[in-house]
Each structure stands twice: as C-alpha cells, then as structure tokens.
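Comments concern the structure below.
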Amino acid sequence: MLLVVIVTNGYLLLTHTFHPSSLLLSFNIVALCSVFALLLITTFLFDKHSLQFERLFNEYPIPMWIYEKATMRFLSVNNAAAEKYGYSKKEFLRLTLKDIRNQEDIPLFMENAAEFCSGDEYRGIWKHRKKDGVNFFVEIYSLPATYYGKSARFIMARDVDAQMKAVKEARELGMRYEQQAQLTHDRLLKQATQLEEQNKALKEIAWINSHEIRRPVVSILSIAGLFDKSNQDLHLNTQLMEWLHESTLQLDEIIHKIEHKVKALQ
C-alpha cells in the first residue's frame, strides 16, 4: 500500500506543471520514501538479531528447549536436545514434559512444577528418559519466558549422569570400607589412601559445581533477564548476545573440566 502511494504521488508530480502544491507533494514523497526505507532497515536488523539468537539456541551443545506452562508442551527444542533424547524436532513438538520421564516419577514432577516453576529461576537434578527408554540424570536450569505471546519457560538440561554415578560409587566405596574394617593393617591403609584420593577428587568436583559453575550460570541468568523483549533496543540486545555467548563458552569449559575429573575416577 505504501509503495502504491509513493508511485501515485510520483506520477502526479511528473505529469503536472510546477506550482506551490507540487513542492508540498515532493516533500510528501520524500517523507514516504524515508518511512519506507526505515521500515526496511528495521525489518532487516530485527531478522538479523533473530537469526543470531536462533543460531545460538540451535547450535549450543547443551540440550535446551522452551515449553508452554499451561500445557507443558514443547514449543521449541535445539539440535542438542534432539540428538540427546533421540526424538526429532517434529516429534518433540507433539510431546509434553511428562513424555521424557518415567511414569512413576510424574507425580513428583507435577508437584515440583507447581511449586517451583511458577516463579523466577529454578535449578534442580532430575531423572529423564530417552526415546529408547534409557534413563539418565540431568541438572535443570529454568527461567520464565514469553514465546510468541505464550507464557512459557526456557530450559537448559545439563547431563550429570556421570557425576551421579561417581557419587553412587563413592557411597559404595564407603560401605565397603566399613565392611572391611577387620582386614590387616597394611591393606586397610592402602584402601584408605585410595578412598582419600577419590574423596579428594569428588570434593573438587563438588567445589567446581558449587563455585566455578555458578559464575557463568549467574551471568547467563542475569543477561537473559536484561533482554529487551520488545526488541526495540537492538544495540542492547546485540551486546547482551555477545556477553551471553562468552558466558556459555565459560560454562562449557567448566563442564569439560568436570567431565575430565569424573573420568579420572573411573
């Protein structure tokens, strides 16, 4: 419609002799062209920012998704989630959060969702189930979000199955230590040394989880809360995207550090 007005006014200007109204008409054309150009630039910048966010979301190596609070149905998932859980993105969009949990875990999950997932950020460890039925533990980071006008939540699910197994193994080691308390003195000192080394490694892992990993997580959560959801401040959102990318790289580095220490225990 705007283009039609511009062309019509241009035609009138070219087919009429000059008089004062022609000058006013020419100003009208310039103004309309300026508005049209501004709309094109704004649309381009908005699309560029959206593509950057979509690329970061889809290519980030940790599973992430957005779900609708009212129905718990998946609204969007990234590539890592599809690869980790074994569902295609189209299959995910037909599922709810209940479908990635064991039947016996659903009542506790529903209770937890009602209590903790109605406010701000949430963090907790849960057992999830893949498409092939394999269970594994994840640490959930959750934030409120609005997705195409729907009240939703943004989720990042970090695989901590190896860490949980390490903790379980440490408990079993402790039980075996007690059961073998009657063994010879030399053998008991040897087992105690092994346990001490493993406990030291586990303490390092626990310290990393409670201190080092919190810094990038807090940064990510803080940056996410600063985004201009109306997308009017493109410069701010672009800067926030850069900071978010830096924080996620830091988080990924810490996760690899934890994985290395867990492998050393095996």
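In this chain, numbering begins with 1 at the start of the sequence shown. Predicted, not measured: the structure shown is a model, and the values here were computed from it. These numbers come from the heavy atoms of this one structure, side chains and all, not from hydrogens, waters or symmetry mates.
In E242, the CD atom is crowded: over 12 heavy atoms of neighbouring residues, nucleotides or ligands sit closer than 6.0 Å. Heavy-atom neighbours of K165 NZ from other residues, nucleotides or ligands within 6.0 Å: at or below the threshold of 12. At most 12 heavy atoms of other shown residues, nucleotides or ligands fall within 6.0 angstrom of atom CD in Q103. Residue-environment remark: CD (E111) stays at or below the threshold of 12 foreign heavy atoms within 6.0 Å.
Residues N79 and K89 have side chains that bring a donor and an acceptor to within less than 3.5 angstrom of each other. Side-chain contact of S142 with R153: a donor-acceptor pair under 3.5 Å is present, judged by distance alone.
With a 4.5 Å cut-off on side-chain heavy atoms, E91 and K131 count as touching. In this structure the side chain of I125 reaches within 4.5 angstrom of the side chain of E139, judged on heavy atoms. Looking at heavy atoms from C-beta onward, V77 lies out of side-chain contact with F57 at the 4.5 angstrom threshold. You'll find the side chain of T71 stays beyond 4.5 Å of the side chain of T96, heavy atoms only. The side-chain heavy atoms of K150 and K69, taken from C-beta on, include no pair separated by under 4.5 Å. Between F74 and I100, the closest side-chain pair of non-hydrogen atoms falls below 4.5 Å. Annotation: side chain of Y141 is not in contact with side chain of I155 (no heavy-atom distance under 4.5 Å). With a 4.5 Å cut-off on side-chain heavy atoms, P144 and F154 do not count as touching.
Annotation for P63 and A80: closest pair N-CB, 3.7 Å, computed over non-hydrogen atoms. V138 and A157 make their closest contact through CB-CB, 4.3 Å (heavy atoms, listed as atom of the first residue, atom of the second, distance).
The structure places CZ of R123 at 9.5 Å from CE of M156, a figure rounded to the nearest 0.5 Å. Atom NZ in K98 sits 6.5 Å away from atom CE in M72 (nearest 0.5 Å). Atom-to-atom distance recorded for Y85:OH and F136:CZ is 4.0 Å, nearest 0.5 angstrom. Taken from CD in E83 to NZ in K130, the straight-line distance is 9.5 Å, to the nearest 0.5 Å. Note that the CD atom of Q163 and the NZ atom of K168 stand 15.5 Å from one another [nearest 0.5 Å]. Note that the CG atom of L97 and the CZ atom of R101 stand 5.5 Å from one another [nearest 0.5 Å].
Cluster membership check: V167 does not share its hydrophobic cluster with W126, using side-chain heavy-atom separations under 4.5 Å among Ile, Leu, Val, Met, Phe, Trp and Tyr. In terms of hydrophobic clustering, with Ile, Leu, Val, Met, Phe, Trp and Tyr side chains grouped at heavy-atom distances under 4.5 Å, I140 and L108 are assigned to a common cluster. No continuous path of ILVMFWY side-chain contacts below 4.5 Å connects V134 to I106, so the two sit in separate hydrophobic clusters. When the side chains of ILVMFWY residues are joined at heavy-atom separations under 4.5 Å, either directly or via intervening members, L93 and W65 end up in two distinct hydrophobic clusters. When the side chains of ILVMFWY residues are joined at heavy-atom separations under 4.5 Å, either directly or via intervening members, M164 and M175 end up in two distinct hydrophobic clusters.
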(request) May I have the step-by-step check of side-chain hydrogen bond (donor to acceptor under 3.5 Å, both in side chains) for N112 and Y122, ending in yes or no? (result) CA-CA 10 Å; N112 176 273; Y122 167 76; 3.2 Å; yes
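Formation of a donor-acceptor pair under 3.5 Å by the D120 side chain with backbone atoms of L143 is not found in this model. Side chain of N102 to main chain of E104: no donor-acceptor pair is present (N/O by atom type, distance under 3.5 Å, no hydrogens or angles).
Taking a cutoff of 4.0 Å between a charged side-chain nitrogen and a carboxylate oxygen, E68 and R73 do not qualify as a salt bridge.
Taking the six-membered ring for Trp, F92 and Y87 have ring centres closer than 6.0 Å.
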